[in-house]
Trainee: 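Input: one structure, supplied below.
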Amino acid sequence: MDGINPALSPADLRLERRIFAASHGRDLTSEERETLKRIRPPRTYPVRLAVQSYDGPIAMLPVAQLYARDVPDLSPPEGKDLLQVLWCPFDHPIMPRTLLFWRSAAAVTDILDTPPEPPAVQFDGYLPEPCMLEPEQITEYPDHLELSEELREQLKQWSVPQAAKEDMDPDTYYDCVLSNAPGWKVGGWPAWDSTDPSPRHCSKCGTGMEVLMTVATFEQGDDAGDSWSPHPHPGAGPYPGHRGYNATGVLIGSGYRQHLFVCPAEPEHPHIELMT
């Protein structure tokens, strides 16, 4: 709790999303307005919120469940074929803290119909909306900041006529169209939108770490043209506070990505989180 943003229950957040989805294209009913007012009471500023504490452990929220049979680039530890990603729906800081569980799917027999939930969530964007995954294998390339000066200059010259065909900025054409695919993904290359590249090494063995998974706010960037276009489903967003195509309801920072880096020599070594 940060004393500024009121934490809400998962049930209230889901109700708020249903109301906004149902009222899309029309005015809110009086009943809907009253419900939204109950969920988020009007505030005057300046305001001071009491920081509430919760006794005992707080359940973490499921973020992703991936099977090696569906995701060729998953590269699980030997004897494991299932990755479960969970996170705490509070800042630790600036983004949720994640836990990775590598498991054998055949050994998972005691399956809960409804997983436990925390009593509150700090931000709406920390409550993932359940989605069915349709993995698509793609090819992408390193961010231009990870390339040599010589290769950057070659790309700059090549991008000018290519960008003109699609009415795009040649300085950003490579990164938007070829380099980093937007959206949630396994493997691939990190995007360096808000920080410069820097080496990341495993705290246990010193091996250079690689991207395991990217948790993204948006499935498609505003400046990517027709490249990386997802196939939206009828239930996809928009949700309050989000722009663009956002089926998961997740918001990292003010619209960033959360990269999870793991040790390629031993994926069960401690991982690293990075927001870009």
Side-chain angles (χ1 to χ4, degrees), residues 60 62-88 92-105 128 133-149 151-152 155 174-221 224 227-228 230 248 250 252-253 256-276:
M60 302 187 79
V63 176
Q65 178 166 277
L66 306 173
Y67 292 88
R69 65 174 183 266
D70 300 323
V71 186
D73 294 328
L74 192 58
S75 301
E78 185 176 356
K80 309 292 178 65
D81 60 355
L82 171 65
L83 171 64
Q84 294 174 323
V85 182
L86 285 75
W87 71 22
C88 174
H92 283 273
I94 73 171
M95 59 182 169
R97 176 174 296 168
T98 56
L99 288 179
L100 308 180
F101 294 93
W102 296 97
R103 312 179 70 178
S104 168
L133 302 180
E134 296 182 7
E136 177 186 4
Q137 198 157 20
I138 61 171
T139 299
E140 63 174 18
Y141 300 93
D143 189 286
H144 79 280
L145 294 175
E146 297 193 60
L147 304 178
S148 67
E149 288 291 341
L151 191 50
R152 285 191 218 179
L155 279 172
Y174 168 76
D175 282 340
C176 292
V177 175
L178 297 176
S179 174
N180 303 114
W184 292 51
K185 61 186 179 183
V186 172
W189 298 90
W192 301 109
D193 296 337
S194 57
T195 184
D196 290 336
S198 60
R200 304 187 185 279
H201 300 284
C202 177
S203 60
K204 288 286 189 181
C205 65
T207 302
M209 303 186 81
E210 299 177 353
V211 176
L212 166 71
M213 177 179 172
T214 298
V215 177
T217 299
F218 306 114
E219 290 298 312
Q220 183 176 9
S227 182
W228 312 119
T248 65
V250 165
I252 301 296
Y256 294 93
R257 306 173 180 90
Q258 183 181 33
H259 295 304
L260 305 182
F261 289 81
V262 295
C263 173
E266 180 45 72
E268 292 182 301
H269 282 174
H271 69 288
I272 296 175
E273 301 154 345
L274 178 68
M275 185 170 74
T276 68

Trainee: Could you check if a side-chain atom of Trp192 sits within less than 4.5 angstrom of a side-chain atom of Glu146, using non-hydrogen atoms only?
Mentor: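 A side-chain contact under 4.5 Å exists here.
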Trainee: Mind checking the CG-CG spacing from Asp143 to Asp193? Nearest 0.5 Å is all I need.
Mentor: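 Atom-to-atom, Asp143:CG and Asp193:CG are 7.0 Å apart.
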Trainee: Can you name the side-chain contact (heavy atoms from CB on, under 4.5 Å) partners of Lys185, sequence neighbours left out?
Mentor: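 With sequence neighbours excluded, Lys185 shows a side-chain contact (heavy atoms from CB on, under 4.5 Å) to Glu140, Asn180, Thr214, given in chain and number order.
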Trainee: Does some side-chain heavy atom of Glu273 sit less than 4.5 Å from a side-chain heavy atom of His92?
Mentor: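 A side-chain contact is absent here, since even the closest heavy-atom pair is not under 4.5 Å.
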Trainee: Grab the two heavy atoms, one from Val211 and one from Pro190, that are nearest each other, plus how far apart they are.
Mentor: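 Heavy atoms of Val211 and Pro190 come nearest at CG2-CD, 3.7 Å.
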Trainee: So, taking the atom named OH in Tyr141 and the one named CG in Leu151, what distance separates them when rounded to the nearest 0.5 Å?
Mentor: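 Answer rounded to 0.5 Å: 11.5 Å.
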Trainee: Name all residues meeting the side-chain hydrogen bond (donor to acceptor under 3.5 Å, both in side chains) criterion together with Glu210; count only those two or more places apart in sequence or in a different chain, and write none if there are none.
Mentor: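 Partners of Glu210 under the side-chain hydrogen bond (donor to acceptor under 3.5 Å, both in side chains) test: none.
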Trainee: Are any side-chain N or O atoms of Thr217 and backbone N or O atoms of Ile252, one a donor and one an acceptor, separated by less than 3.5 Å?
Mentor: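 The answer is yes, because a donor-acceptor pair under 3.5 Å joins these two groups.
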Trainee: Could you walk me through whether Val262 and Leu100 pass the side-chain contact (heavy atoms from CB on, under 4.5 Å) test, one step at a time?
Mentor: CA-CA 10 Å; Val262 295; Leu100 308 180; 3.8 Å; yes
Trainee: Quick check: closest heavy atoms across Ser75 and Pro267, and the distance to 0.1 Å?
Mentor: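 So the minimum-distance heavy-atom pair works out to O-CG, 3.8 Å.
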Trainee: Can you see which heavy atom on Ala216 is nearest to which on Thr248, and at what distance?
Mentor: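 What the structure gives for the nearest pair is O-OG1, 4.4 Å.
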Trainee: Can you tell which of Gln65, Lys80, Gln84 makes a side chain to side chain contact (heavy atoms under 4.5 Å, CB included) with Phe101?
Mentor: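 The option that passes is Gln84.
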Trainee: NE2 of His271 to CG of Leu212: how many Å apart, nearest 0.5 Å?
Mentor: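 Answer rounded to 0.5 Å: 8.5 Å.
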Trainee: Going by atom types alone, do Ser179 and His144 pair a side-chain donor with an acceptor below 3.5 Å?
Mentor: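 No donor-acceptor contact under 3.5 Å links the two side chains.
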Trainee: About how many Å separate NE2 of His259 and CE of Met213, when rounded to the nearest 0.5 Å?
Mentor: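 Rounded to the nearest 0.5 Å, the CE-NE2 separation comes to 12.0 Å.
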Trainee: Can you name the closest pair of heavy atoms from Tyr67 and Ala105 and give their distance?
Mentor: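 Heavy atoms of Tyr67 and Ala105 come nearest at CE2-CB, 3.8 Å.
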Trainee: Taking C-beta and beyond as the side chain, do Leu274 and Tyr256 meet within less than 4.5 Å on heavy atoms?
Mentor: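 No, their side chains stay 4.5 Å or more apart.
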Trainee: Go through Leu83 and Val186 one step at a time and tell me if the side-chain contact (heavy atoms from CB on, under 4.5 Å) criterion holds.
Mentor: CA-CA 11 Å; Leu83 171 64; Val186 172; over 6 Å; no
Trainee: A side-chain contact here means heavy atoms from C-beta on lying under 4.5 Å apart; do Cys205 and Glu266 qualify?
Mentor: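 Of all side-chain heavy-atom pairs linking Glu266 with Cys205, none is under 4.5 Å.
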Trainee: For the residue pair His269 and Cys263, what are the closest heavy atoms and their distance?
Mentor: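 Scanning both residues completely, I find the closest heavy atoms to be ND1-SG, 3.9 Å.
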Trainee: Side-chain contact, heavy-atom cut-off 4.5 Å: Met60 with Pro96?
Mentor: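 Contact flag for Met60/Pro96 side chains = no.
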Trainee: Do Leu66 and Leu133 have side-chain heavy atoms sitting under 4.5 Å apart?
Mentor: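 Sidechains of Leu133 and Leu66: in contact.
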Trainee: Which heavy atom in Gly79 sits nearest to a heavy atom in Ser104, and how many Å separate them?
Mentor: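 Residues Gly79 and Ser104, closest heavy atoms: O-CB, 3.7 Å.
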Trainee: Report yes or no: does Arg152 contribute a side-chain atom to a donor-acceptor pair with the main-chain N or O of Leu147 at less than 3.5 Å?
Mentor: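 Pair found, side chain donor or acceptor close to backbone of Leu147.
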Trainee: Under 4.5 Å between any side-chain heavy atoms of Trp184 and Val215, yes or no?
Mentor: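 Result yes, sub-4.5 Å side-chain heavy-atom pair found.
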Trainee: Using side-chain heavy atoms (C-beta onward) and a distance below 4.5 Å, is Pro182 in contact with Phe218?
Mentor: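 With C-beta onward as the side chain, the pair stays apart.
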Trainee: Give a yes or no on whether the backbone of Ala191 and the side-chain of Thr276 come within a donor-acceptor separation of less than 3.5 Å.
Mentor: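 Present.
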